[in-house]
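These notes are about the structure you will find just below.
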Amino acid sequence: MLHIQNTLSGKKELFTPIHPGKVNMYVCGMTVYDFCHIGHARVLVVFDVITRYLRKIYGSENVTYVRNITDIDDKIIARAIENGEDINSLTNRFIEAMHEDADALGVKRPDIEPRATEHMDEILKMIQTLIDKGMAYQGDNGDVYYQVSKFETYGQLAKKNLDDLQSGSRVEVEQSKRDPMDFVLWKMAKPDEPSWDSPWGEGRPGWHIECSAMSVSCLGDHFDIHGGGLDLKFPHHENEIAQSEGCTGHKFVNYWIHNGFVRVDDEKMSKSLGNFFIIRDVLKSYAPEVIRYFILNSHYMSPLNYSDENLDKAKASLTTLYQSLLNIDVSDMNDSLIEDSDYAQRFFKAMDDDFNTPMAISVLFDMSHELNRLKEKDDEQAKALGFQLKKLAELLGLLENDAQQFLQGSTSEGGLSDDEINDLIEQRAAAKQEKNWSECDRIRDVLDAEDILLEDTPEGTRWRRK
RNA sequence: GUACAGGUAGCCGAGUGGUCUAAGGCAUCUGGUUGCAACCCAGAAUUUUCGCAGGUUCAAAUCCUGUCCUGUAUUCCA
């Protein structure tokens, strides 16, 4: 039985879908004005795993995963002007880059990927409804605002009360607002800014209303799970609730899931500190699966500290798992996962407990050790266990590569080619025949200097990259 | 200031009242294996300890109170 830590209640709750057997989930995706960084990677991977597990429980076709794209907002406009680039060209460029990064990380595409600019009708309709209901108003400057005081339960998600918010407010209050807490639904266009027609004048939507409109449009006005980064909890998600429930008068989302932040060397990741890591740069030094493992080795809610040391550890751990899968050929296996095995049961129990991926990974290690023991004794059993290991790991998007391929890495960056390595290994085998140990060790040292590690086995010598 | 997250052994990281003599990983050590290594297997140590100080309890990393620290939000941010 799946339990989820629900930000709305602050408790771990049994997950019960609104429509039995079907799950609808919406996650706030990227604002596409730059390359995705390692924090985005966490959102992508975490909700990919959540989706994989939901699909496992409810069946792939019964889970609808929506992850939106924000393709119109202040930062996009600013960047486009800065680049002297057309907005569409900018957003399309970064959407493509995001897809490349996500694909590299083994993140499966969501079922629906709505773009804000393609849901303008729903946005306008929602704003109009809010105005009609007296929950929104047009200010002197033409901007349309949501009147927070009209929504009684405002602050329910972030567990804030309005008094605290106001006293702590450091923002300069926009003159046209009736109350500092009110937020913008529709912004009047400045000259040369992209704009859409509306009953209130040419303009563009505020950020929060975009997500309300896209989620309701894709999943209906009441759905199961809404996710995103912790920082979106307030005000973004709070405002979504206010907008959506303000329109419909009933519950918007049952379960809210927020993932924790990524830090870098125990500091905030920011451009000013120069410790800003984008996914494609990290991929130059580490295999995508290493990043994935690094992310999943902590619970999605804990703070995650990015450092080379921690990525190296992730790589070492993955190497251990892949070593056990070497020479286990499961390509001809098409059985299903044996769901009532002890290992599977433990794995599911971990995942059922609010997607406890670190615990689930520990089960993979137990299987891996057992697999190493079995390989000595019983090939058929080893193969069966290896298959089970891969099937469980697949739910995390791990161990999906060929073991040898993972261990030997890519040959692209200078260094020795596979053929050159194999030549040297053959020379060493010949020296070995003659018990010429100094020559053997010399060759091994040559390879070691190229970060190639040798492992002698009864079946011959195999190698991997450090 | 207020709110919300966190603070667990060398490091990473699970664990929310007894099975914790704290999972799993990484690093370290010993033995087996090996020409020597690596990989693998078997085992060990790092800790009478879970930010700190009190308290509740027969029993606490786990509950309560206080306190310190870090991060986030309150302003765009995954």
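Chain naming here is simple, since letters A, B, ... match the order of the sequence lines and numbering starts at 1 in each. Worth saying up front: this structure is predicted, and the values here are computed from it rather than measured.
A 6.0 Å sphere centred on CD of A:Glu82 holds more than 12 heavy atoms belonging to other residues, nucleotides or ligands. A 6.0 Å sphere centred on CG of A:Asp192 holds no more than 12 heavy atoms belonging to other residues, nucleotides or ligands.
Pair assignment for B:C63: B:G55, on the basis of Watson-Crick or G-U wobble contacts that are both within less than 3.5 Å. Across all strands shown, B:U21 has no partner, as no Watson-Crick or G-U wobble contact with both distances under 3.5 Å is found. If you check B:U2 for Watson-Crick or wobble pairing at under 3.5 angstrom, you find it paired to B:A73. Both distances falling under 3.5 Å, in either a Watson-Crick or a G-U wobble arrangement, occur for no nucleotide opposite B:A14. Remark: B:C50 base-pairs with no nucleotide; criterion is Watson-Crick or G-U wobble with both hydrogen-bond distances under 3.5 Å.
For A:Glu289 (side chain) and A:Leu399 (main-chain N/O), a donor-acceptor pair under 3.5 Å exists by modelled atom type. Without hydrogens or angle criteria, A:Asp352 side chain to A:Met1 main chain gives a donor-acceptor distance under 3.5 Å. Checking side-chain atoms of A:Arg444 against main-chain N and O of A:Leu454 turns up no donor-acceptor pair under 3.5 Å. Looking only at distances, a side-chain donor or acceptor of A:Arg79 sits under 3.5 Å from a matching main-chain atom of A:Tyr33.
In this structure, A:Lys383 does not pair ionically with A:Asp378, as no charged nitrogen and carboxylate oxygen lie closer than 4.0 Å. Ion pairing between A:Asp74 and A:Lys187 holds under the 4.0 Å rule for side-chain N and carboxylate O.
The aromatic ring centres of A:Tyr145 and A:Phe183 sit 6.0 Å or more apart.
Counting atom types as modelled, A:Arg464 pairs no side-chain N or O with a base atom of B:A38 as donor and acceptor under 3.5 Å. Residue-to-nucleotide contacts include a donor-acceptor pair under 3.5 Å from the side chain of A:Arg444 to the base of B:C36.
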Distances under 3.5 Å only, N/O to N/O: pair up the protein atoms with those of nucleotides 4-8 of chain B.
from	atom 1	to	atom 2	distance (Å)
B:C4	O2'	A:Lys233	NZ	2.6

Below 3.5 Å between N/O atoms, which protein atoms pair up with nucleotides 31-34 of chain B? Just atom names and distances, please.
none

Pairs under 3.5 Å (N/O, protein and nucleotides 19-24 of chain B):
none

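Among the nucleotides B:G71, B:G25, B:G35, the one closest to any side-chain atom of A:Arg263 is B:G71. Of the candidate nucleotides B:U74, B:C39, B:C41, B:C41 has the atom lying nearest to any side-chain atom of A:Arg373. Listed nucleotides B:A14, B:C26, B:A38 differ in distance to A:Ser317; the shortest reach to its side chain belongs to B:C26. For A:Asn310, the side-chain atoms get nearest to B:C12 when compared with the rest of B:U74, B:C12, B:C26. Ranking B:A14, B:G15, B:U72 by closeness to the A:Asp353 side chain, first place goes to B:G15. Residue A:Thr320 has its side chain nearest to B:C40 when only B:C40, B:C36, B:U70 are considered. Each of B:C26, B:C39, B:G25 was ranked by its minimum atom distance to the side chain of A:Ala316; first place goes to B:C26. The side chain of A:Lys313 has B:C26 as its nearest neighbour among B:C26, B:G35, B:G13.
Using atom P as the reference point in both B:U8 and B:G71, the two lie 15 Å apart (nearest Å). Nucleotides B:G10 and B:U49, compared at atom P, are 12 Å apart to the nearest Å. Separating the P atom of B:A37 from that of B:G32 is a span of 10 Å, rounded to the nearest Å.
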Legend entry - Intermediate values then yes/no, ring pair (Phe, Tyr, Trp, His ring centres under 6.0 Å), A:Phe276 and A:His37: CA-CA 7 Å; A:Phe276 204 81; A:His37 59 244; 5.0 Å; yes
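The phosphate of B:C12 (OP1 or OP2) has no side-chain N or O of A:Asn305 nearer than 4.0 angstrom.
Among the heavy atoms of the strands lying under 4.0 Å from A:Glu309 are primed sugar atoms or P, OP1, OP2 only; no base atom is included.
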